[in-house]
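Remember, it's 1-based here, ligands and their atoms both numbered in the order they're listed. Not measured: the values here are computed from a predicted model.
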Amino acid sequence: MDVMEAIKGRRSIRQFTDEPIEKDKLERLLEAARWAPSGGNLQKWRFVVVTSASQRELVKKFAPGIFAVPTAFIVICAEVEADANEWKQRLYLADCSIASQNIMLAAYEMGIGTCVALSYAKSAISEILELPENVEPMLVVTLGYPAEDPQPPPRFELSEMAFEELYGEEWKP
Ligand SMILES: Cc1cc2nc3c(=O)[nH]c(=O)nc-3n(C[C@H](O)[C@H](O)[C@H](O)COP(=O)(O)O)c2cc1C
């Protein structure tokens, strides 16, 4: 699949069929995440794959932004040093966000629907997944075979967000 086709065709999917995601496909998604860029190539991300019904129910319970129990979750975490400053925190969030996009695009190519979520109770998710003290859940990706085919939500025009040389100077194609 063409990269631009995947970028434009991927949608946030919030309704899933009951069909489980094959292990080798989950592995492929983790591989996509592993090859994401990371600041200083630190690769401090950690990925917890959740497929058991009991764990999925629990994660969903503490994630109000997730509307249906998905077939799987990949909880993207960061292993954070005790003395991590604000810059490091930003770096880890950026790294985990980029890894999540790799997962979502690779999933789209395989016909798997995804949605990323930030609205979850961090402490509850940490407890459910038995994360060590120094590991923080940064993003949750829900996964499953799509049971919906949503229209693309509109995007603002490039002219409203892109500038040439100076902020406010019109970007000319
Ligand atoms: C950082 C982030 C957090 C998001 N959190 C949620 C969420 O909690 N629940 C949800 O249903 N969608 C969530 N989304 C999905 C957005 O609503 C979605 O990407 C946006 O509406 C554009 O739709 P599209 O992904 O189909 O292009 C989130 C997306 C991002 C990037």
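- Residue-ligand proximity: F67 is placed with a non-hydrogen atom under 4.0 Å from ligand 1.
- Nearest heavy atoms, W45 versus A36: CH2-O, 3.2 Å.
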Step by step, would you call E86 with R90 a salt bridge (Lys or Arg N to Asp or Glu O under 4.0 Å)? CA-CA 6 Å; E86 194 235 331; R90 284 199 290 135; 3.5 Å; yes
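- For ligand 1 and R10, the ligand atoms under 4.0 Å from any heavy atom of the residue are 24 (P), 25 (O), 27 (O).
- Within the 3.5 Å criterion, the main-chain N or O of K8 finds no donor-acceptor partner in the side chain of R10.
- Considering backbone and side-chain atoms alike, V116 places an N or O below 3.5 Å from some N or O of ligand 1.
- Contacts between C115 and ligand 1 below 4.0 angstrom, taking non-hydrogen atoms only, involve the side chain exclusively.
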Report the C-alpha separation of V135 and L129 in whole Å, then their side-chain angles, then the decisive distance to 0.1 Å, and conclude whether the side-chain contact (heavy atoms from CB on, under 4.5 Å) test is met. CA-CA 10 Å; V135 175; L129 303 180; over 6 Å; no
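- Using a non-hydrogen distance threshold of 4.0 Å, R155 registers as a contact of ligand 1.
- Shown in contact with R11 at under 4.0 Å from a heavy atom are these atoms of ligand 1, numbered in order with element: 24 (P), 26 (O), 27 (O).
- When all heavy atoms of E148 and Q15 are compared, the closest pair comes out as OE2-N, 3.4 Å.
- Remark: ligand 1 and G65 share an N or O pair separated by less than 3.5 Å (distance only, no angle test).
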Checking salt bridge (Lys or Arg N to Asp or Glu O under 4.0 Å) for the pair E31/R34: CA distance, chi angles, key distance, verdict? CA-CA 5 Å; E31 194 62 9; R34 186 167 82 92; 2.8 Å; yes
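- Between P153 and ligand 1 there is a heavy-atom distance shorter than 4.0 Å.
- Regarding atom 25 (O) of ligand 1, its nearest protein heavy-atom neighbour is S12 OG, 2.6 Å.
- Checking side-chain atoms of Y120 against main-chain N and O of K60 turns up no donor-acceptor pair under 3.5 Å.
- Counting only heavy atoms of the protein, atom 1 (C) of ligand 1 lies nearest to L118 CD1, 3.8 Å.
- The protein heavy-atom contact nearest to atom 11 (O) of ligand 1 is R14 NE, 2.5 Å.
- A salt bridge links E136 with K122: at least one charged nitrogen is closer than 4.0 Å to a carboxylate oxygen.
- When the side chains of ILVMFWY residues are joined at heavy-atom separations under 4.5 Å, either directly or via intervening members, V49 and Y145 end up in a single hydrophobic cluster.
- Inside a 4.0 Å radius of atom 20 (C) of ligand 1 there is not any protein heavy atom.
- The atoms of ligand 1 that sit less than 4.0 Å from any heavy atom of S119 are 8 (O).
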